[in-house]
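Atom set for the values below is all heavy atoms of this structure, side chains included, hydrogens, waters and symmetry mates excluded. Below, chains carry the letters A, B, ... as their sequence lines are ordered, and counting in each starts from 1.
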Amino acid sequence: MPKKSDFFQDVYAVVRLIPKGRVTTYGAIGIYLGAAKSARMVGWAMNNAHGLQPTIPAHRVVNRNGLLTGKAHFKPPSLMQHLLEKDGITVENNTIVNFKEHFWEPLEELKL
DNA sequence: CGATTGACGTACG
DNA sequence: TCGTACGCCAATC
């Protein structure tokens with residue numbers, strides 16, 4: 001059977017591997033997959049991941065600025081911030097506080 | 001099948 | 001520092 005774009009599957013795998021209390025960026029995932037310039041595809045993967053199983057912690061994936069750009073796609077939109085705070089992450093003005101400290105880079109954690 | 005859109009990021013002025 | 005332009009690739013219109 002032909003398998004679908006491994007790119008999307010890989011995105012889901014990486015997002016699922018994000019530890020609790022940590023966040024990453026679309027660009028970081030794209031770089032890890034070897035598609036640094038295809039950060040948009042990561043976003044598309046999330047869009048497709050919405051509602052699929054296992055649950056994808058997309059709330060831990062934000063843009064490079066630490067801004068919850070995808071919060072509008074959650075149900076309700078405030079759910080994203082809620083989940084992040086539940087993980088111990090402070091969110092203010094749709095932006096992660098101390099984003100750099102919470103940043104989780106797949107290349108450093110998965111390269112092993 | 002062509003044009004537009006999109007949960008991004010970088011480059012340029 | 002801010003705003004605009006472009007690239008990237010898949011899905012949608």
What's the separation between atom OG1 in A:Thr90 and atom CZ in A:Phe99, rounded to the nearest 0.5 Å? 14.0 Å

What distance separates A:Asn65 CG from A:Asn94 CG, expressed to the nearest 0.5 Å? 12.5 Å

Determine yes or no for a side-chain-to-main-chain donor-acceptor pair under 3.5 angstrom, with A:Thr24 supplying the side chain and A:Trp104 the backbone. yes

Can you check each nucleotide of nucleotides 5-12 of chain C against protein heavy atoms at under 4.0 Å and return B for base, S for sugar-phosphate only, - for none, in 5' to 3' order? --BBBB--

With A:Asp87, which of A:Lys20, A:His82, A:His102, A:Arg60 fulfils side-chain hydrogen bond (donor to acceptor under 3.5 Å, both in side chains)? A:Arg60

Applying a strict under-4.5 Å side-chain criterion to I, L, V, M, F, W and Y, I'd like to know whether A:Ile31 and A:Val11 cluster together. yes

Contacts to DNA chain C from residues 51-79 of chain A, heavy-atom cutoff under 4.0 Å, which residues? none

When rounded to the nearest 0.5 angstrom, what is the spacing between CG in A:Leu68 and NZ in A:Lys71? 7.5 Å

First locate atom OH of A:Tyr26, then atom CZ of A:Arg40, and finally report the distance between them rounded to the nearest 0.5 Å. 13.0 Å

Can you check the distance between C:dA5 and B:dT4, where both ends of the measurement are the P atom (answer in whole Å)? 15 Å

Whole-Å gap separating C1' (B:dA7) and OH (A:Tyr12): 12 Å

For the atom pair CG (A:Asn47) and CE (A:Met41), what is the distance rounded to the nearest 0.5 Å? 10.5 Å

Option among A:Val61, A:Ile18, A:Leu84 that satisfies the side chain to side chain contact (heavy atoms under 4.5 Å, CB included) test with A:Val23: A:Leu84

Tell me, which stems hold DNA chain C, with a stem being 3 or more Watson-Crick or G-U pairs in a row and both distances under 3.5 Å? B:2-6 with C:9-13, B:8-13 with C:2-7

Between atom CG in A:Asn48 and atom P in B:dG6, what is the gap in whole Å? 16 Å

Report the distance from atom OH of A:Tyr32 to atom CG of A:Asp10, rounding to the nearest 0.5 Å. 6.0 Å

Write down the distance separating the P atoms in C:dC8 and B:dC1, rounded off to the nearest Å. 22 Å

